[in-house]
Amino acid sequence: MAAEIHSRPQSSRPVLLNKIEGHQDAVTAALLIPKEDGVITASEDRTIRVWLKRDSGQYWPSIYHTMASPCSTMAYHHDSRRIFVGQDNGAIMEFHVSEDFNKMNFVKTYPAHQNRVSAVMFCLGAEWIISTGHDKCVSWMCTRSGNMLGRHYFTSWASCLQYDFDTQHAFVGDYSGQITLLKLEQNTSSIITTLKGHEGSVASLWWDPIQRLLFSGASDNSIIMWDIGGRKGRMLLLQGHHDRVQSLCYLSLTRQLVSCSSDGGIAVWNMDVRREEAPQWLESDSCQKCEQPFFWNIKQMWDTKTLGLRQHHCRKCGQAVCGKCSTRRSTYPVMGFEFQVRMCDSCYDSVKDEDRTSLATFHEGKHNISHMSMDVARGLMVTCGTDRVVKVLFLVEI
């Protein structure tokens, strides 16, 4: 049904294979079972379900379990067949699934948070369950004893999480738009650095341990690639979504980034090309092209007997310009701008037609997407959302 991705295509497009319906409320998480025609889902309707594909080609629930509280997030470890479900009440419940995926046994409850759990990850080597929540903290607990090992608090809701299993570094995004890099120890933690670049709450993170790249998506509709391994502070901006970026997945073999937004948009970004960093916006009291004063520059307005102008910025050079000196609009995909953005006249004239060639493809998921996950080896993708529908898709090379 699916094939491995061996080459580096320019892009891929998702093709719908199956649609799964049955939940009575928003589906908050959907995960593909590796090497199986199966999907695990968790929902606000307080149920966790395991769906297996039957001979008819349709998915039917083989496990249906009702929780005490709405399910907010989920993690699945296939080798040990352990499921960890975060709930609206702050608790995380662990289950063990049978080899034939027809039975699920409760293992234990972890009192991880005082409020809704936003993300959960399991580290088999350390036997840790790491999670973030709306109680503004990241916590890590021992799965052997069930004891709390440590907590680290933030000033805003902790919204998403990624973890480097080799170095024990955690990346935590929060509602202030900040990403915090933490080193987790057995009972303590230390802040390594904070990453600031988004203008809205961080909704999704993806960490690639091979190339040491961190991708973040936010409610400002943008994606940022942070080159952690490069140690030069390099960051690339990607703008192509019309709504909050809910989920990310980087395919290191083909160097493609797959992103989903809450309006159903699915983007496949070609990261195997030369890209430029967007410039920092410069500040000035007057237009850096025509030198006309901006409206707060009272002295120059008085001296020249002219009205002040509104300040804008050229997205290509970052200069502060007035409206008359930045009437042109253009896409500039090499800098991540797949939409038309404001440019000063000189920058617009410098952009060639080939510079406007898109470096991403955009597709319509046709439902509100709140979560996405992938089985990269098989080229499979599953999305779910507030419309209570789960979709299984196949990425086709184009």
Side-chain angles (χ1 to χ4, degrees), residues 10-11 177 195-200 202 213 215-227 230 232-245 248 255-257 259 261 263 265-297 300-301 304 306-363:
Q10 182 178 356
S11 190
L195 306 175
K196 299 178 181 179
H198 286 292
E199 296 179 359
V202 182
L213 300 174
F215 297 89
S216 59
S219 61
D220 59 8
N221 309 346
S222 70
I223 300 166
I224 295 178
M225 187 201 83
W226 310 84
D227 187 1
K232 295 180 180 179
R234 182 169 177 258
M235 55 181 281
L236 297 178
L237 178 67
L238 303 174
Q239 290 189 336
H241 283 287
H242 297 277
D243 211 335
R244 178 187 178 95
V245 182
L248 299 165
R255 294 191 181 179
Q256 294 174 299
L257 175 69
S259 59
S261 55
D263 62 355
I266 301 173
V268 182
W269 306 82
N270 181 8
M271 303 304 293
D272 194 22
V273 293
R274 178 189 64 86
R275 288 184 178 271
E276 299 176 8
E277 287 188 72
Q280 293 291 323
W281 286 4
L282 302 177
E283 294 302 325
S284 177
D285 290 330
S286 58
C287 175
Q288 293 179 301
K289 295 295 182 181
C290 68
E291 299 185 350
Q292 287 292 307
F294 293 131
F295 65 83
W296 60 84
N297 189 349
Q300 187 178 348
M301 288 166 57
T304 59
T306 57
L307 291 174
L309 304 175
R310 183 181 174 188
Q311 184 190 62
H312 300 281
H313 285 91
C314 172
R315 301 308 193 267
K316 188 174 185 293
C317 68
Q319 287 191 322
V321 291
C322 67
K324 289 183 179 180
C325 293
S326 57
T327 59
R328 306 292 190 89
R329 304 289 185 274
S330 175
T331 61
Y332 196 53
V334 72
M335 203 173 276
F337 298 120
E338 296 286 341
F339 296 144
Q340 289 196 348
V341 292
R342 180 185 295 271
M343 288 188 182
C344 65
D345 294 343
S346 57
C347 281
Y348 180 87
D349 293 337
S350 70
V351 177
K352 302 175 183 178
D353 288 340
E354 55 265 32
D355 295 333
R356 297 186 175 92
T357 302
S358 179
L359 298 178
T361 58
F362 298 92
H363 314 274

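We're numbering straight along the sequence, starting at 1. Being a predicted model, the structure only gives us computed values, none of them experimental.
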Exercise for the section: Kindly indicate whether the side chain of Thr361, heavy atoms from C-beta on, has any atom under 4.5 Å from the side chain of Gln256. Expected result: no

Completion exercise
Closest non-hydrogen contact found for Ser284 with Phe294 is O-CD1, 3.3 Å

Problem - Flag side-chain contact, heavy atom, 4.5 Å: Leu257 against Leu238 - result: yes

Practice task
Look only at the side chain of Arg244 and the backbone of Gly217, and say whether a donor-acceptor pair between them is shorter than 3.5 Å.
Solution key: no

Practice task
Can you label the angle between the Phe339 ring and the His242 ring as parallel, tilted or perpendicular, going by 30° and 60°?
Solution key: tilted

Completion exercise
Residues Met343 and Cys314: closest non-hydrogen pair is CA-SG, 3.7 Å

Problem - Separation of Asn221 CG from Asp243 CG (nearest 0.5 Å) - result: 6.0 Å

Practice task
Any chance you could measure Gln311, atom CD, to Ser286, atom OG, to the nearest 0.5 Å?
Solution key: 10.0 Å

Problem - Lys289 and Ser326: CA distance, side-chain angles, deciding distance, side-chain hydrogen bond (donor to acceptor under 3.5 Å, both in side chains) verdict - result: CA-CA 9 Å; Lys289 295 295 182 181; Ser326 57; over 6 Å; no

Fill in the blank from the handout: dist Ser358:OG -> Asn270:CG (nearest 0.5 Å) comes out at 9.5 Å

Problem - Minimum side-chain heavy-atom gap Met271-Phe215 below 4.5 Å - result: yes

Exercise for the section: For residues Pro279 and Met335, determine if any side-chain heavy atom of one lies less than 4.5 Å from a side-chain heavy atom of the other. Expected result: yes

Problem - Minimum side-chain heavy-atom gap Thr331-Val341 below 4.5 Å - result: no

Handout entry: Over 12 non-hydrogen atoms of neighbours within 6.0 angstrom of CD in Gln280
Key = no

Exercise for the section: Examine distances only and state if a side-chain atom of Glu338 and a backbone atom of Leu359 form a donor-acceptor pair shorter than 3.5 Å. Expected result: yes

Exercise for the section: List the atom of Trp269, the atom of Ser259, and the distance in Å for their closest heavy-atom pair. Expected result: NE1-OG, 2.9 Å

Practice task
Can you establish whether the number of heavy atoms outside Glu291 located under 6.0 Å from its atom CD is more than 12?
Solution key: no

Exercise for the section: Determine, stepwise, if the pair Ser350 / Lys316 fulfils side-chain contact (heavy atoms from CB on, under 4.5 Å). Expected result: CA-CA 10 Å; Ser350 70; Lys316 188 174 185 293; 3.7 Å; yes

Exercise for the section: State, with a plain yes or no, whether a side-chain heavy atom of Gln288 is found less than 4.5 Å away from one of Glu283. Expected result: no

Fill in the blank from the handout: Between Ser216 and Trp226 the two heavy atoms that sit nearest each other are OG-NE1, 2.9 Å

Handout entry: Heavy-atom closest contact (Cys322 atom, His312 atom, distance)
Key = C-CD2, 4.0 Å

Completion exercise
Distance col, row Phe362:CZ vs His241:NE2, nearest 0.5 angstrom, shows 6.5 Å

Practice task
Quick one: pull up NZ in Lys324 and CD in Gln292 and give me the separation to the nearest 0.5 Å.
Solution key: 7.5 Å

Problem - Between OH on residue Tyr332 and CD on residue Gln340, distance to nearest 0.5 Å - result: 15.0 Å

Exercise for the section: Determine whether His313 and Val321 make a side-chain contact, defined as any pair of heavy atoms from C-beta on separated by less than 4.5 Å. Expected result: no

Exercise for the section: Kindly indicate whether the side chain of Met235, heavy atoms from C-beta on, has any atom under 4.5 Å from the side chain of Met225. Expected result: no

Problem - Partner residues of Ser222 under the side chain to side chain contact (heavy atoms under 4.5 Å, CB included) criterion, sequence neighbours left out - result: His198, Asp220, Leu237, Gln239

Exercise for the section: Looking only at non-hydrogen atoms, find the nearest pair between Val334 and Arg274 and report the distance. Expected result: CG2-O, 3.1 Å

